[in-house]
Amino acid sequence: MSDTSSSPDTRTPAQIEADIKRRRETLAETLDEIGVRVHPKTIVGDAKAKVASSIDHSLGRAYVGVNRIVGDVKGQFVTEEGAPRLERVVPVALVVVGLVGLFAVGSRRRRG
C-alpha cells in the first residue's frame with residue numbers, strides 16, 4: 001500500500017490498477033461475509049445453536065444434580081459394600097405396603 005502523506009505517489013499506473021483491483025476483491029469478500037452474517041437463516045441458526053447449547057448445559061447440570069440425589073438416597077439404603085441396610089429398608093417397605101393397602105381399600109369403597 002502507498003503512504004497517504006504529502007509525498008508524491010511514485011507507483012506506476014499498472015501498480016495503481018493492481019492495488020485498486022486488490023482493494024475491490026477485499027471489499028467484495030468483506031461484503032459477502034457481512035451478507036452471510038446478517039442473513040436471516042444465519043441469525044436463526046445461530047440463535048438455535050445458542051438455545052441448544054443452553055439446554056444441553058441445563059440438562060447436564062440437572063443430570064448431575066439428580067445423579068447426586070439418587071446416590072445420596074441409595075447411600076441411605078445400601079452400604080458401601082452394596083448390601084441393603086435392612087434397618088432402613090424394612091420400615092420404608094412397610095410404609096409403602098401400608099399406603100398401597102389404603103389406596104386399594106379406598107378404591108374398593110368407591111366402587112362398592
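The basis for the numbers below is simple: all heavy atoms, side chains too, and nothing from hydrogens, waters or symmetry mates. The chain is numbered in sequence order, starting from 1.
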Within the side chain of [X], is there an N or O that forms a donor-acceptor pair under 3.5 Å with the backbone of [Y]?
X	Y	result
T26	R22	yes
S58	S54	yes
T42	V36	yes

Exercise. Can you list every side chain to side chain donor-acceptor pair (under 3.5 Å) pair that touches residues 67-77, not counting sequence neighbours?
Worked result: Q76-R88

Measure the [atom1]-[atom2] distance between [X] and [Y] for me, rounded to the nearest 0.5 Å.
X	Y	atom1	atom2	result
L99	L94	CG	CG	11.0 Å
D46	R37	CG	CZ	10.0 Å
E29	R24	CD	CZ	14.5 Å
I20	R23	CD1	CZ	8.5 Å

Exercise. Is there a path of hydrophobic side-chain contacts, each under 4.5 Å between heavy atoms of I, L, V, M, F, W or Y residues, that connects L59 with V51?
Worked result: yes

Problem set entry | Verify same cluster id: V64, V70 (apolar side-chain graph, 4.5 Å) | no

Minimum-distance pair of heavy atoms, taken over all atoms of [X] and [Y]:
X	Y	answer
F77	V89	O-CG2, 3.8 Å
D9	I16	OD2-CD1, 4.0 Å
T10	Q15	O-OE1, 4.4 Å

For this session: State, with a plain yes or no, whether a side-chain heavy atom of R85 is found less than 4.5 Å away from one of T79.
Result: yes

